[in-house]
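In this text the structure is predicted, and so the values were computed from the model without any measurement.
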Amino acid sequence: MSEKTASVHWEGRGPKGQGRISTQTGALNNHPYGFASRFEDDRRGTNPEEIVAAAHAACFTMAFSFACDKAGFATESVDTRANVRLVKDGAGFKIDRIALQLTAQVPGIDEAKFQDIAAAAKADCPLSKALASVPEITLEATLVQGGGGEGQAR
């Protein structure tokens with residue numbers, strides 16, 4: 001069993017307030033966030049959706065690499081991007097979509113097996129399971145062949 005922690009300290013009222021996020025490992029240490037970094041594209045701070053995107057991309061990438069290893073394929077490189085979309089929902093907001101984009105170099109694997117492993121990793125990664133209430137979680141997986149040519153995305 002594993003339990004990780006993060007903490008937030010917030011000061012001020014609503015949109016005028018400012019928060020600081022810290023993680024157990026120190027990867028984020030009093031990192032700022034607030035209204036501007038969440039809704040106005042202020043890049044001096046982070047926001048919850050960016051952190052969810054990073055967590056989901058990291059979890060899915062590990063799940064994919066581990067699944068390839070279990071199937072007898074060694075991943076040479078795996079790059080994942082996660083886009084988390086926050087939309088207005090009545091008086092509030094909700095995350096309505098997460099789009100995962102995987103590009104990987106996995107010697108010896110064929111396209112069909114690659115797509116199967118990627119889809120299973122998406123379904124099985126703990127963050128995908130935790131985010132199951134998000135109405136749409138998509139995956140575009142691209143296999144890159146050793147010579148730099150790309151396989152077809154699905």
Side-chain angles (χ1 to χ4, degrees), residues 1-6 8 19 21-29 31-90 92-154:
M1 183 187 328
S2 177
E3 187 170 303
K4 306 298 181 196
T5 62
V8 168
I21 299 172
S22 296
T23 58
Q24 178 180 356
T25 63
L28 294 176
N29 187 11
H31 198 81
Y33 85 104
F35 184 87
S37 63
R38 191 171 195 188
F39 298 107
E40 295 176 347
D41 208 28
D42 179 346
R43 299 199 185 258
R44 290 174 292 174
T46 188
N47 57 73
E49 293 73 34
E50 179 178 63
I51 294 168
V52 167
H56 200 181
C59 184
F60 167 71
T61 299
M62 287 181 77
F64 174 77
S65 183
F66 290 13
C68 283
D69 190 57
K70 186 176 179 182
F73 300 99
T75 53
E76 253 179 42
S77 69
V78 182
D79 294 292
T80 303
R81 178 184 181 102
N83 295 331
V84 173
R85 184 169 68 186
L86 182 70
V87 297
K88 193 88 168 115
D89 183 34
F93 294 88
K94 71 176 182 180
I95 293 172
D96 76 333
R97 184 186 71 190
I98 300 173
L100 298 169
Q101 298 168 322
L102 165 74
T103 303
Q105 190 169 355
V106 187
I109 198 169
D110 66 35
E111 183 70 24
K113 186 68 172 172
F114 171 78
Q115 294 295 336
D116 288 347
I117 290 173
K122 175 185 158 264
D124 293 339
C125 118
L127 260 291
S128 289
K129 291 176 182 178
L131 296 167
S133 67
V134 175
E136 181 183 0
I137 300 178
T138 63
L139 171 63
E140 178 184 313
T142 303
L143 174 62
V144 177
Q145 302 300 333
E150 292 188 6
Q152 283 193 318
R154 180 160 148 212

Under 3.5 Å, which donor-acceptor pairs link side chains of residues 62-75 to any protein atom two or more places apart or in another chain?
| residue | atom | partner | partner atom | Å |
| --- | --- | --- | --- | --- |
| S65 | OG | T75 | OG1 | 2.9 |

Minimum heavy-atom distance [X]-[Y], with the two atoms named:
X    : Y    : result
I21  : I51  : CD1-CD1, 3.5 Å
T46  : S37  : O-OG, 2.5 Å
E3   : Q24  : O-OE1, 3.9 Å
L131 : I137 : O-CD1, 3.8 Å
P107 : E76  : CG-OE2, 3.1 Å
L139 : A119 : CD2-N, 4.0 Å

Look at the side chain of Q105 and the backbone N and O of S77, then say whether any donor-acceptor pair between them is shorter than 3.5 Å.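 Answer holds: no.
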Q115 side-chain N/O to A141 backbone N/O, donor-acceptor pair under 3.5 Å: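 Between the backbone of A141 and the side chain of Q115 there is a qualifying donor-acceptor contact (under 3.5 Å).
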Between atom [atom1] of [X] and atom [atom2] of [Y], what is the distance when rounded to the nearest 0.5 Å?
X    : Y    : atom1 : atom2 : answer
K129 : K122 : NZ    : NZ    : 13.0 Å
L28  : T23  : CG    : OG1   : 4.5 Å
D96  : R85  : CG    : CZ    : 4.0 Å
L102 : D79  : CG    : CG    : 8.5 Å
T61  : R81  : OG1   : CZ    : 13.0 Å
I117 : D124 : CD1   : CG    : 11.5 Å

Within the 4.5 Å heavy-atom criterion, are [X] and [Y] side-chain neighbours or not?
X    : Y    : answer
V87  : K94  : yes
R97  : P135 : no
T25  : K4   : no
V106 : K113 : no
R38  : Y33  : no

side-chain contact (heavy atoms from CB on, under 4.5 Å) partner of F60, chosen from T80, V78, I98, L127: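 Among T80, V78, I98, L127, the one meeting side-chain contact (heavy atoms from CB on, under 4.5 Å) with F60 is T80.
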